[in-house]
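Please read the structure below before turning to the comments.
Here is the naming used below: chain letters follow the sequence lines, and residue numbers restart at 1 for every chain.
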Amino acid sequence: MKAAGRTVVDPSRVFAVTDHIVDTRPGRNDKTLIPGGQAFISETRAACAEAGIRLFDVNDPDQGIVHVISPELGIVLPGLTLIAPDSHTCTQGAFGALAWGIGSSEAEHAMATGTLRVVKPETMRVTFTGELQNGVTPKDMILHLIATHGAGGGKSCVVEFAGDAVTALDMEGRMTLCNMATEFSAFTGLIAADEVTTAYIKGRHFAPDPLPDWSNMKSDDDAHFVYEIAIDASKIEPMVSWGTSPEQSIPVSGAVPQNANPKSLDYIGLTAGRLIGGVPIDAAFIGSCTNARLSDLKRAAELVKGKHVAKGVHALVVPGSTSVKRKAEAQGLDRIFTDAGFEWRESGCSLCFYAGGEGFAPGSRVISSTNRNFEGRQGPGIRTHIASPEVVAASAIAGFITAP
Amino acid sequence: MTPFISLTSIAIPLIRDNVDTDTIIPSREMKSTGKTGLADGLFAPWRYIDSAKRTPNPEFVLNDLEYRGAQILLAGTNFGCGSSREHAVWALAEWGIRCIIAESFAPIFKANCIRNGVLPIDCGRPVDPLFYSQIMTIDLAEQTMSIPSRFRLFHIEEENKTMLLEGLDAIDLTLKDGEAIASWRLQDRQKRPWVYL
């Protein structure tokens, strides 16, 4: 922007945070292990200071993963348009906002003009009805959707998640559901704002006071959607990925499909027809913008309390924000995890992706509460299985893939 | 930005579904905050047997000498899914790719293509195998893609077509509407004061 002589049109509506690049080992500072990371942090700091942009810096008490802290601070609100140069911005659609991921050029466009040029996306409604079985979570709902309709199934649409199984979720669960709309190739996902939404927002740092009336922030009763998908949520089981795309996911009770893609099988080191339950793991990761909020950590902690991770399994918990970390520590969750043999980290994106810094041991098979099981996502040759925090916690204790 | 008018080049078939931007350009290959120096890391996990030593993988299509200097890439469904990193398009463009013909694209990747003068042709069905490894001609104004024995029309959104044909800079174009935007913002500020901090 500087080179083009452009300035930020309204810095008060722009926020910045260090999340991807920051180190998560205890006692961290700017010295991240990611090559070039330290320069990136100092350049970000200087640019934000110059433009007058609020930065949640490395050791700010409100630092965290962007899609965790924006809701925590009351930045995202129903009816807003909100963008971030990160594909998981769709997470924030859980608030009835139109929130979507963009590239760097569009981020520059948004900051320089306060607008974006968007070709109007088509619409899709995914309706989940019925009651979830015990141990089934929003992560399983979204993996079930992607496994059933494909990683391209969202057809670049704005996808509204609706139905009684969606409205029954708390805000953290709704965020998990919307988080993986991008893995469904949706333009974004969103959920109509309701009283659960307003109760969550009320009193947060940047939230308006009093709250405006958002009761009309929903689709019209007679709204037409270009595509409709209906899912019986009561039939969904705990899910886990077997391959190298989120669409290659199956119930934990299931087997790798007979017609599995050979390239995916070759990378992941499994054979067609093999039961996924019982596959030995080397590492377990609880973290990311999908599943590292307080409720995620609580549910995982309940499962590991008084137990210990299996011998040889490297297990770690990375809270989604510094605020989540503080609250978890106030409830003693950190001790439950460390007593069980998990590492307890500072907040950040951490080992959800590998950028040449910290990584898992070569060749590791990792069960991970993240959103991407792509080849090399967590490091060259690392084999990732994505699942809910519950499945990750239970698998860490067992030493193999299993549901609680 | 360089306008996209027409193009004639051999078409590289990389027909695999759900090719993600982590594979197109891994995070570890994005070594600076700049937009350049990325072509070498393009498809690093597939292109090299050993990424660190840059040992080429003879099995990978981009290493086939036949495709040296190629500007057209043929792809499967949901091409460019995953991370929003614009580096994926920068890396492809720096390597020489100016047009990607796919069964479908991930939406963020497609938007990034438009912003960088790369034409994404969304076929909505599998790319015709007759195009594989052929010298193709793409004409954006006419919205045609062809080889001597076959001729196809393609769809592109009007706004995207204009941006590419004229090589427009989106920000400059929007700034021309500065007054309209400011006046809309003034009205919105009155209607929804809570949006403005």
Side-chain angles (χ1 to χ4, degrees), chain A residues 4 6 10 12-13 20 34-36 39-40 43 77 79-80 84-87 89 100-106 108-109 112-119 121 150-152 154-156 182-183 185-187 206-208 211-212 244-245 247 261 263 353-357 372 374-377 380, chain B residues 16-18 20-23 26-33 35 44-46 51 77-78 81-90 103-112 114-116 122 157-160 163 169-175 177-178 181-182 184-185 192-197:
Chain A
R6 291 168 183 149
D10 185 357
S12 73
R13 289 187 291 139
H20 283 69
I34 295 176
F40 188 93
E43 283 173 37
L77 300 171
L80 288 194
D86 185 275
S87 57
T89 307
W100 73 103
I102 52 165
S104 327
S105 295
E106 298 214 289
E108 186 183 340
H109 189 290
T113 69
T115 68
L116 270 184
R117 311 180 75 87
V118 181
V119 176
K155 300 176 190 291
S156 300
T182 188
E183 274 65 50
S185 206
F187 176 84
F206 290 100
L211 294 183
T244 55
S245 161
E247 73 179 20
N261 180 313
K263 280 184 174 149
F353 75 112
Y354 175 74
R372 290 193 173 134
F374 301 156
E375 276 185 31
R377 169 74 179 183
Chain B
R16 191 170 165 176
D17 292 341
N18 303 316
D20 61 80
T21 54
D22 274 83
T23 297
S27 300
R28 56 194 170 277
E29 299 285 349
M30 293 153 41
K31 292 188 178 100
S32 77
T33 49
K35 300 182 180 184
W46 293 348
S51 282
T77 61
N78 200 24
C81 62
S83 158
S84 60
R85 63 189 66 169
E86 199 160 325
H87 305 69
V89 178
W90 295 334
E103 182 171 349
S104 65
F105 290 93
I108 304 174
F109 179 86
K110 187 174 169 183
N112 287 338
I114 304 292
R115 294 287 173 259
N116 289 280
D122 192 335
E157 300 77 6
E158 208 49 44
E159 153 112 359
N160 291 344
M163 298 293 299
D169 180 283
I171 300 178
D172 287 342
L173 193 66
T174 303
L175 288 173
D177 292 326
I181 295 168
W184 182 86
R185 192 172 293 128
R192 303 189 303 164
W194 50 271
V195 170
Y196 300 83
L197 294 161

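Atoms CZ and OG1, from R377(A) and T23(B) in turn, are 10.5 Å apart once rounded to the nearest 0.5 Å. Distance check: T113(A) OG1 to D172(B) CG gives 11.0 Å after rounding to the nearest 0.5 Å. With values rounded to the nearest 0.5 angstrom, R85(B) atom CZ is found 8.0 Å from F353(A) atom CZ. Atom CZ of F374(A) is separated from atom CG of D20(B) by 4.5 Å, given to the nearest 0.5 angstrom. Taken to the nearest 0.5 Å, the CD1 atom of I108(B) stands 4.5 Å off from the OG1 atom of T182(A).
Counting heavy atoms from C-beta outward, E86(B) and P85(A) have side chains that stay 4.5 Å or more apart. Between N160(B) and R117(A), every side-chain heavy-atom pair lies at or beyond the 4.5 Å cut-off. Considering only heavy atoms from C-beta on, S104(A) comes within 4.5 Å of W90(B) through its side chain.
For W184(B), no part sits under 4.5 Å from any heavy atom of chain A, backbone or side chain. Neither the backbone nor the side chain of A84(A) comes within less than 4.5 Å of any heavy atom of chain B. For chain A, the nearby parts of T174(B) are the backbone and the side chain; heavy atoms of each come within less than 4.5 Å. Residue contact with chain A, scored on non-hydrogen atoms closer than 4.5 Å, involves the backbone of F105(B) exclusively. Both the backbone and the side chain of S83(B) come within contact range of chain A, judged by heavy atoms closer than 4.5 Å. Using a 4.5 Å cut-off between heavy atoms, D17(B) makes no contact with chain A at all. Heavy atoms closer than 4.5 Å to chain A are found in both the backbone and the side chain of L173(B).
Ranked by non-hydrogen atom pairs under 4.5 Å with chain B, the options S12(A), G154(A), A151(A), G357(A) are led by A151(A). With chain B as the partner, the residue from E106(A), K155(A), E247(A), R6(A) showing the most heavy-atom pairs under 4.5 Å is R6(A). The candidate from S105(A), A4(A), P35(A) with the greatest count of non-hydrogen atom pairs under 4.5 Å with chain B is S105(A). Taking I102(A), T89(A), I34(A) one by one and counting their heavy-atom pairs under 4.5 Å with chain B, the maximum is reached by I102(A). Highest contact tally toward chain A, considering only N116(B), D169(B), D177(B), is held by D169(B) [criterion: heavy-atom pairs under 4.5 Å]. Interface summary for chain A: among G82(B), P45(B), S51(B), the most heavy-atom pairs under 4.5 angstrom belong to G82(B). Of all the listed residues (G152(A), A355(A), G356(A), P208(A)), the one sharing the greatest number of non-hydrogen pairs under 4.5 Å with chain B is A355(A).
Listed by chain and residue number, N78(B), A106(B), P107(B) satisfy the side-chain contact (heavy atoms from CB on, under 4.5 Å) test with S185(A) (two or more places apart in sequence, or in another chain). Legend: residues meeting salt bridge (Lys or Arg N to Asp or Glu O under 4.0 Å) with K110(B), ordered by chain and number and at least two apart, are D122(B), E157(B).
A salt bridge does not link K35(B) to E108(A): none of the charged side-chain nitrogens sits closer than 4.0 Å to a carboxylate oxygen.
Of the possible polar contacts, one joining the R192(B) side chain to the G79(A) backbone as a donor-acceptor pair under 3.5 Å is found.
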